[in-house]
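For reference, the structure discussed in these notes is given below.
Throughout, protein chains are lettered first and strands after them, A, B, ... in sequence-line order, and every chain is numbered starting at 1. We use all heavy atoms of the structure for the numbers below, so side chains are in, but hydrogens, waters and symmetry mates are not.
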Protein chains: 2
Amino acid sequence: MSTDDVFESRSADAALAASRALMGVVARSVSGALEVVTLPQFRVLVVLDGAGPLRMGVLGEAIGVLPSTLSRAIDRIVAAGWVRRTTKPANRREVLIELTMAGQNLVTNALEQRRDNIAQIMSDLSADQKSAIVAAFELFADAAGETPAEDLLVLGV
Amino acid sequence: MSTDDVFESRSADAALAASRALMGVVARSVSGALEVVTLPQFRVLVVLDGAGPLRMGVLGEAIGVLPSTLSRAIDRIVAAGWVRRTTKPANRREVLIELTMAGQNLVTNALEQRRDNIAQIMSDLSADQKSAIVAAFELFADAAGETPAEDLLVLGV
DNA sequence: CGCAACAGTTGTGTTTTAGCAACTGTTGTA
DNA sequence: TACAACAGTTGCTAAAACACAACTGTTGCG
């Protein structure tokens, strides 16, 4: 095994440990929402939060679900009050789905909880350590490039 | 807003961006497995991979599921060939669940794919950058402490 | 206008997960 | 040995998600 391989291995280990920690952050932030919606339902809300109101067709393609499945899923999410069905007079055969206040809050709260949790984790570190971590995180995120939303949707985030 | 708050905010942003990237890594590593097992089923395999063979009761408690639900879930996972039911002569009322080769491979492959993906992301960085990231990741993971397995299970990882 | 294409919904059936209660077999113990 | 506690399975029921096909209403175009 070359020195490079050893280094690669240690990099991956460190990244995996960090990912474990960050996944924990995400998981905790989502667990509250998962007491009132299912994971597939939460996916819908996350997509809408990111993209704004979407047509059924677009939404269905975004989360990789057949129209019939989506239609009935939306039935349930509407009934629960997280989203609203809208029709624009211009195109009465298209149906627009948008978050209600409650739905918006559900997603926003999860994100805020994530930020709080991260701040809390780093609260005991020195300023130098914090800035080193921030720089490293920015560098890594940059190197990783854009993460396709559909990749993340597998985990409902 | 104080300078500290601004800094906290930037820390959280950087961490969130990094978490997005790392979540993408995890999600991609899992997506292959999710073509042959469901997420709850994969959770079972991950727990068994981490803890070794477990009794039904312990396993059920680990993933937060009632005995009846687990029993039937195991029926399906056994039928699919990912795990095996075992009985020790010493205690014939206890049932031990253990991964088969196929089940072990499924989990192991996901982990390996994760490491490969991370290595690939970092492959274009300089040695200095890599070591900075490794140090920062180690520091952050350390500050976060142990992430309870049950936290991670929400996401199936 | 008339008709094809489009956007969603509804009918029907299957699979998975989940919860409660009743049950079978096993173990430990009085 | 008899009986209670334990470990897991099975009966029953319900909610979600998914898939395929048939259907309704809307739009665009020849």
Side-chain angles (χ1 to χ4, degrees), chain A residues 30-31 33-48 53-98 150 153-156, chain B residues 30-31 33-48 53-98 103 106 150 153-156:
Chain A
V30 168
S31 70
L34 292 188
E35 285 171 17
V36 287
V37 294
T38 65
L39 199 70
Q41 287 171 359
F42 192 65
R43 273 200 272 272
V44 171
L45 305 186
V46 169
V47 169
L48 292 173
L54 291 179
R55 287 198 308 100
M56 289 292 288
V58 177
L59 182 54
E61 183 149 1
I63 61 179
V65 140
L66 293 184
S68 65
T69 300
L70 182 62
S71 185
R72 269 175 279 238
I74 295 296
D75 286 348
R76 288 184 285 266
I77 308 178
V78 166
W82 307 116
V83 303
R84 204 177 4 247
R85 270 191 175 95
T86 313
T87 322
K88 276 199 282 196
N91 219 338
R92 291 204 341 245
R93 70 176 157 182
E94 297 182 348
V95 175
L96 225 60
I97 311 297
E98 61 184 359
E150 63 265 33
L153 279 176
V154 172
L155 301 177
Chain B
V30 167
S31 69
L34 292 188
E35 285 171 19
V36 288
V37 294
T38 66
L39 199 70
Q41 288 171 357
F42 192 65
R43 273 202 271 273
V44 171
L45 306 187
V46 169
V47 169
L48 291 174
L54 291 179
R55 288 199 306 103
M56 289 292 288
V58 177
L59 182 54
E61 182 149 0
I63 62 180
V65 140
L66 293 183
S68 65
T69 301
L70 181 62
S71 185
R72 268 176 283 239
I74 295 295
D75 286 348
R76 287 183 285 268
I77 308 177
V78 167
W82 308 116
V83 303
R84 204 179 2 246
R85 271 190 174 97
T86 313
T87 321
K88 276 198 282 196
N91 219 337
R92 291 205 341 246
R93 71 178 156 182
E94 297 183 348
V95 175
L96 225 60
I97 311 297
E98 60 185 359
L106 199 65
E150 63 264 34
L153 279 176
V154 173
L155 300 178

With the side chain counted from C-beta on, respond yes when A:Pro67 and A:Met56 share a heavy-atom pair under 4.5 Å apart, and no when they do not.
no

Give the rounded distance in Å between these two atoms: CD1 of B:Ile77 and C1' of C:dT17.
12 Å

Within this structure, what is the CD-CG distance for the pair A:Glu98 and A:Leu59, rounded to the nearest 0.5 Å?
12.5 Å

Return the minimal non-hydrogen interatomic distance between B:Val65 and B:Leu70, and the atom names on each side.
CG1-N, 3.5 Å

For A:Arg76, which residues count as a side chain to side chain donor-acceptor pair (under 3.5 Å) partner, sequence neighbours excluded?
none

Separation of B:Asp75 atom CG from D:dG8 atom P, in whole Å?
14 Å

Calculate the interatomic distance between B:Leu96 atom CG and D:dT9 atom C1'; express it in whole Å.
17 Å

Under 3.5 Å, which donor-acceptor pairs link side chains of residues 89-97 of chain A to any protein atom two or more places apart or in another chain?
residue: A:Asn91; atom: ND2; partner: A:Glu94; partner atom: OE2; Å: 3.2

Report the distance from atom CD of B:Glu94 to atom C1' of D:dA5, rounded to the nearest whole Å.
13 Å

From CZ (B:Arg55) to CD (B:Glu61), nearest 0.5 Å
9.5 Å

Axial bend angle, the helix from C:dC1-D:dG30 to C:dA30-D:dT1: five-pair end segments, nearest 10°:
10°

Distance col, row B:Leu48:CG vs B:Leu45:CG, nearest 0.5 angstrom, shows 6.5 Å

Proximity to DNA chain C (any heavy atom under 4.0 Å), residues of residues 55-74 of chain B only:
B:Val65, B:Leu66, B:Ser68, B:Thr69, B:Arg72

Quick one, A:Ile74 and A:Val44 - any side-chain contact, counting heavy atoms below 4.5 Å?
yes

Where do N or O atoms of nucleotides 14-16 of chain D meet protein N or O atoms at under 3.5 Å, pair by pair?
none

Please state whether the phosphate of D:dT9, meaning OP1 or OP2, lies under 4.0 angstrom from any side-chain nitrogen or oxygen of B:Arg85.
yes

I'd like to check A:Arg72 versus A:Asp75 (side-chain heavy atoms, cut-off strictly below 4.5 Å). Are they in contact?
yes

Side chains of B:Ile77 and B:Val37: closer than 4.5 Å at any heavy-atom pair?
no

Take atom CZ of B:Phe42 and atom P of C:dT17, then tell me their distance rounded to the nearest Å.
14 Å

Could you run down nucleotides 24-30 of chain D 5' to 3' and tag each one B, S or - for protein heavy-atom contact under 4.0 Å?
-BBS---

